[in-house]
Amino acid sequence: MDSFFTLSLDGLQRLLVGAGFEKFRAKQVFDAVYKNRVFDPQNIPTIPQKLKDWLGGNLEFAAAKLVGNRESEDETKKYLFALSDGYFVESVLLEAPSDDGRTRKTLCISTQVGCACGCKFCASAMHGFIRNLSAGEIVAQALPFVKEEAGNGKTERKFEFENIVVMGMGEPLINCDNLMKALEVFNAPDKFAFGARRITVSTCGIADKLSKLAEDKFPFRLAISLHGATDEVRGRIMPINKKFPLATLLDAAEKFAESNGRMITLEYILIKDVNDSFAQAHALAKIAKRLHAHVNLIPYNRVEALPWKRSDLGRRAAFAKVLKDAKVSYTLRREKGAEIDAACGQLALKKRESEK
Ligand code: SAH
């Protein structure tokens, strides 16, 4: 079944007219879904029953169904979605205070079942690649997070989150066509109208795709999972570094930054005795300065069955100090959701193992 969400208003009009409905019904349905955030056609009050049934029978609204969630003490919530072929993906809702003292919610979504990139520290990589998610399945991970708000004498339905990060399971730039279709649904002014600067896509460094996105004027924010500041160290933990070594990746990133105009984020998980030396910190500072990038230092989340450990607190602080002294913009993140295995891939993995 085709996804409702990837249809334009024109496309929906044509479909409805072809099925014998009036043309103006398409705008009613569009408004109900994108303005009032009603995602079950049976609950759209303005349309006749016959159209509700036709929509439900001919277009897919919830391509992934929420089947479970877990919450950790730090307010990180993790959600498990079932796909129509029996696989699972997950999304995470993170809550964090921002600079202005307000609490902001960020939704983290997946783009693939499993992952082909094989980063040695990552849980998603352990079972290899299974398949790409469709655009509808990517969008569906956002749909349960709607809240009702009273205003101007009526109740409005809005998304609970203010930012979207594409940092769940999978490598988004390997599923680029479906990713772009899904981001269009979030971003288009006549769809969810979610600002491009509130959407961040994270990649392990698919350099040729980055160059292509630079040419296409990709409007969203970019994060690069660096995790090693020399080929020697990065190559040890990220096999993708063989195909796209740092020199190639950084050239592409530079080109991307120029075309995109927003500051790139370099993600760097600190893994004990692997990538947390002073030499790595200095090399990272140099890369960050070249790209005018912001560095996000993240403590490693332990993955059962993998040998890696998080760097000690003192080491993390010393590493950060090198960046500070080099006047690099950085944040030293406290871990989020460690106790509910918020590191990518772990929840879907456990579910599948317990079913065996
Ligand atoms: N494939 C994309 C997006 C998914 S991973 C990418 O590589 O960027 C999202 C982030 O989580 C990446 O920076 C990834 O390296 C990181 N990550 C993976 N396993 C982790 C773990 N166990 N602890 C902390 N971060 C982890």
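Atoms within each ligand, like the ligands themselves, are counted from 1 in listed order. All values reported here derive from a predicted model rather than from experimental measurement.
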Task: Per-atom contacts of ligand 1 with Gly170, taking only distances under 4.0 Å to non-hydrogen atoms - done: 1 (N), 2 (C), 3 (C), 4 (C)
Task: Min heavy-atom dist Val303 to ligand 1 below 4.0 Å - done: yes
Open item on the list: Quick test of your reading of the structure: of Ser202, Gly168, Ser225, whose heavy atom lies closest to atom 4 (C) of ligand 1?
Closed with: Gly168
TODO: Pick one of side chain, backbone, both or neither for how Thr203 approaches ligand 1, counting any non-hydrogen atom pair under 4.0 Å.
DONE: backbone
Open item on the list: In this structure, is the centre-to-centre distance between the rings of Phe194 and Phe161 below 6.0 Å?
Closed with: yes
Open item on the list: Only heavy atoms of Phe121, strictly under 4.0 Å: list the atoms of ligand 1 that pass.
Closed with: 15 (O), 18 (C), 19 (N), 22 (N)
Task: Heavy-atom nearest neighbour of atom 14 (C) of ligand 1 within options Arg302, Arg310, His227, Met169 - done: His227
Open item on the list: Looking at Arg221 and Arg197, would you say the former's side chain and the latter's main chain have a donor-acceptor pair under 3.5 Å?
Closed with: yes
TODO: Measure Glu267 to ligand 1 on non-hydrogen atoms and call it side chain, backbone, both or neither using the 4.0 Å cut-off.
DONE: side chain
Open item on the list: I'd like to know whether Arg131 forms a salt bridge (charged side-chain N to carboxylate O under 4.0 Å, His left out) with Asp85, so could you lay out the CA-CA distance, the side-chain angles of the two residues, the decisive distance to 0.1 Å, and finally the verdict.
Closed with: CA-CA 11 Å; Arg131 70 167 174 86; Asp85 57 1; 2.7 Å; yes
TODO: Could you tell me whether some N/O pair between Val166 and ligand 1 is separated by less than 3.5 angstrom?
DONE: no
- [ ] May I ask whether Ala223 places a heavy atom under 4.0 Å from ligand 1?
- [x] no
Task: Atoms of ligand 1 close to Ile269 [distance to a heavy atom under 4.0 angstrom, numbered from 1] - done: 24 (C), 25 (N)
Open item on the list: Distance alone, cut at 3.5 Å: any donor-acceptor contact between the side chains of Asp53 and Gln49?
Closed with: yes
Task: Tyr268/Tyr330 under ring pair (Phe, Tyr, Trp, His ring centres under 6.0 Å): CA gap, chis, key distance, verdict - done: CA-CA 10 Å; Tyr268 200 97; Tyr330 76 95; over 10 Å; no
Task: Proximal ligand 1 atoms for Cys204, defined as those under 4.0 Å from one of its heavy atoms - done: 6 (C), 7 (O), 8 (O)
- [ ] Test Glu149 against Lys147 for salt bridge (charged side-chain N to carboxylate O under 4.0 Å, His left out), laying out the working first.
- [x] CA-CA 7 Å; Glu149 232 172 54; Lys147 63 174 180 198; 3.4 Å; yes
TODO: Return yes when atom CG of Asp190 has more than 12 non-hydrogen atoms of other residues, nucleotides or ligands closer than 6.0 Å, and no otherwise.
DONE: yes
Task: Row check, Phe159 ring normal vs Arg37 NZ/CZ: under 6.0 Å, within 45° - done: yes
